[in-house]
Amino acid sequence: MLEKQYFVGPSDVDPFLDLRLSSLFKFMQDIATEHAEKLGIGREKTIDKGMFWVITRYSVDIIRMPKFLETLVVKTYPGKDMKFIFPRFFQIETLSGEIVIKASSTWVVLNMDNHNINMNPFGGDVLPHEHIDDEEKLPQKINPPIELFECNKRVSTYSDTDLNGHINNTSYINYVIDCHDFAFFKDKQIKHFDINYEHELLSGEELILSNNIQNDVEYVSGKTKDRQIFNAKIIYIQRKQ
């Protein structure tokens, strides 16, 4: 397990002084990358060999959203490999040990030349794994309702890309959040967030976002003209005034 402290600064929060969801995903992405390097499955075993890590699914349970000026302890550890799928878990605590967020994720390794999944990227080596009590269950497939309504359009830009030149997973989080305005989030907070990444969005492509929200459960779909990019499911609670 790797743990690291993160300070929630002004660029990490929203107008309500809550940690932005995209900032949370950035914290998790950063510590996961650092841990992969420490485990020997980082750049030398992936990018330098023509491969790269890709997140396929996330499940995030928010007990309470961290606030401006808090210092967080972010912990991460890999779960047991499932053939070519690599689970990773997260637990986020305050300095006093209060658990505020639990998350799980699944990752695969793609080949750079054709973007196909590498079924045996590390030569059969079994990665070290562990589990703790009451960890977040692994993310499941999201099945949106048939009827969705267009809520936004976005054109991906250079600033959305990551070190591999692909649209960063945190950018998709902002796309989802921007289906709603300030007034919506004045009343609602996110309690649980799931996302399935289906296909890659290329820089400069237009993304069509559609949603359906009923009884504080929302489904959001992101598509181009010819392929599904992601599906997300969000559960909201009433914001405390």
Side-chain angles (χ1 to χ4, degrees), residues 1-39 55 57-80 86-107 127-140 142 168-174 176-177 180 182 184-196 215-218 220 232-241:
M1 179 183 293
L2 177 65
E3 60 179 77
K4 187 175 181 180
Q5 291 187 7
Y6 287 85
F7 178 73
V8 181
S11 62
D12 301 318
V13 297
D14 64 15
F16 307 101
L17 302 185
D18 289 330
L19 180 68
R20 290 185 185 274
L21 193 64
S22 57
S23 298
L24 168 63
F25 273 70
K26 181 180 183 299
F27 291 169
M28 293 191 294
Q29 177 180 271
D30 286 351
I31 195 172
T33 301
E34 182 175 343
H35 200 203
E37 291 292 336
K38 291 182 182 295
L39 292 174
I55 303 167
R57 294 178 182 176
Y58 260 118
S59 178
V60 180
D61 190 59
I62 301 168
I63 301 163
R64 76 162 177 86
M65 190 60 89
K67 304 292 287 186
F68 179 48
L69 301 182
E70 278 197 284
T71 297
L72 304 175
V73 179
V74 181
K75 301 178 179 180
T76 187
Y77 55 94
K80 185 175 176 57
F86 301 90
R88 176 167 286 277
F89 298 87
F90 303 86
Q91 185 164 288
I92 300 176
E93 305 174 0
T94 64
L95 288 176
S96 64
E98 175 196 2
I99 299 172
V100 292
I101 293 170
K102 297 185 295 182
S104 64
S105 59
T106 53
W107 304 60
L127 302 183
H129 62 272
E130 56 186 297
H131 290 280
I132 62 175
D133 293 339
D134 200 29
E135 65 191 8
E136 178 68 9
K137 292 181 180 180
L138 286 176
Q140 302 299 307
I142 297 170
N168 192 286
N169 76 91
T170 61
S171 296
Y172 295 109
I173 307 306
N174 286 327
V176 172
I177 296 300
H180 298 290
F182 181 91
F184 178 88
F185 286 106
K186 187 176 181 180
D187 293 328
K188 304 290 186 183
Q189 285 182 296
I190 296 173
K191 177 66 177 69
H192 196 95
F193 187 94
D194 291 310
I195 187 166
N196 294 173
N215 300 322
D216 289 333
V217 177
E218 179 181 30
V220 180
K233 179 183 178 181
I234 308 102
I235 299 175
Y236 296 97
I237 57 174
Q238 196 70 23
R239 181 180 295 278
K240 295 179 180 179
Q241 299 300 326

Between the CD atom in Glu98 and the CG atom in Leu72, the distance rounded to the nearest 0.5 Å is 10.0 Å
Working to the nearest 0.5 angstrom, can you tell me the gap between Thr94 OG1 and Glu70 CD?
6.5 Å
Check whether any side-chain heavy atom of Thr106 lies under 4.5 Å from a side-chain heavy atom of Phe86, and answer yes or no.
no
For Thr76, which of His35, Gln91, Arg88 qualifies under side chain to side chain donor-acceptor pair (under 3.5 Å)?
Arg88
Hey, what do you get for CD1 (Ile177) to CZ (Phe193), rounding to the nearest 0.5 Å?
6.0 Å
Check whether more than 12 heavy atoms from other residues, nucleotides or ligands sit under 6.0 Å from atom NZ of Lys102, and answer yes or no.
yes
Residues 12-28, side-chain donor-acceptor partners within the protein, below 3.5 Å, at least two apart:
unit_1	atom_1	unit_2	atom_2	d
Asp12	OD2	Gly9	N	2.8
Asp14	OD1	Phe16	N	2.8
Asp14	OD1	Leu17	N	3.1
Asp14	OD1	Asp18	N	3.0
Asp18	OD1	Lys67	NZ	2.8
Asp18	OD2	Gln189	NE2	3.2
Asp18	OD2	Arg239	NH1	2.8
Arg20	NE	Val13	O	3.0
Arg20	NH2	Val13	O	3.4
Ser22	OG	Asn174	OD1	3.1
Ser23	OG	Asp12	O	3.2
Lys26	NZ	Asp30	OD2	3.0

Of all heavy-atom pairs between Leu138 and Ser105, which one has the smallest distance, and what is that distance?
CD2-O, 4.1 Å
Would you please classify the geometry between the His131 ring and the Phe89 ring as parallel, tilted or perpendicular, with 30° and 60° separating the classes?
perpendicular
Between Thr71 and Gln5: side-chain donor-acceptor atoms closer than 3.5 Å:
no
Closest heavy-atom pair, Ala232 versus Val176, reported as atoms and distance to 0.1 Å, is CB-CG2, 4.3 Å
Closer than 3.5 angstrom, by distance alone: can the side chain of Asp194 be matched with the main-chain N or O of Lys233 as a donor-acceptor pair?
no
Scanning both residues in full, the closest heavy-atom pair of Pro128 with Pro78 reads O-CG, 3.1 Å
May I ask you to decide whether Glu218 forms a salt bridge with Lys188, counting only side-chain N to carboxylate O separations under 4.0 Å?
no
Return the CD1 to CE distance between Ile132 and Met1, rounded to the nearest 0.5 Å.
5.0 Å
How about Tyr58 and Tyr172: are their ring centres within less than 6.0 Å of each other?
no
Can you tell me how far apart CG (Asp61) and NZ (Lys137) are? Round to the nearest 0.5 Å.
11.0 Å
Check whether any side-chain heavy atom of Val73 sits under 4.5 Å from a side-chain heavy atom of Leu95, and report yes or no.
yes
Do Val60 and Ile101 touch side chain to side chain, with heavy atoms closer than 4.5 Å?
yes
When rounded to the nearest 0.5 Å, the distance separating CG of Leu39 from OH of Tyr77 is 14.0 Å
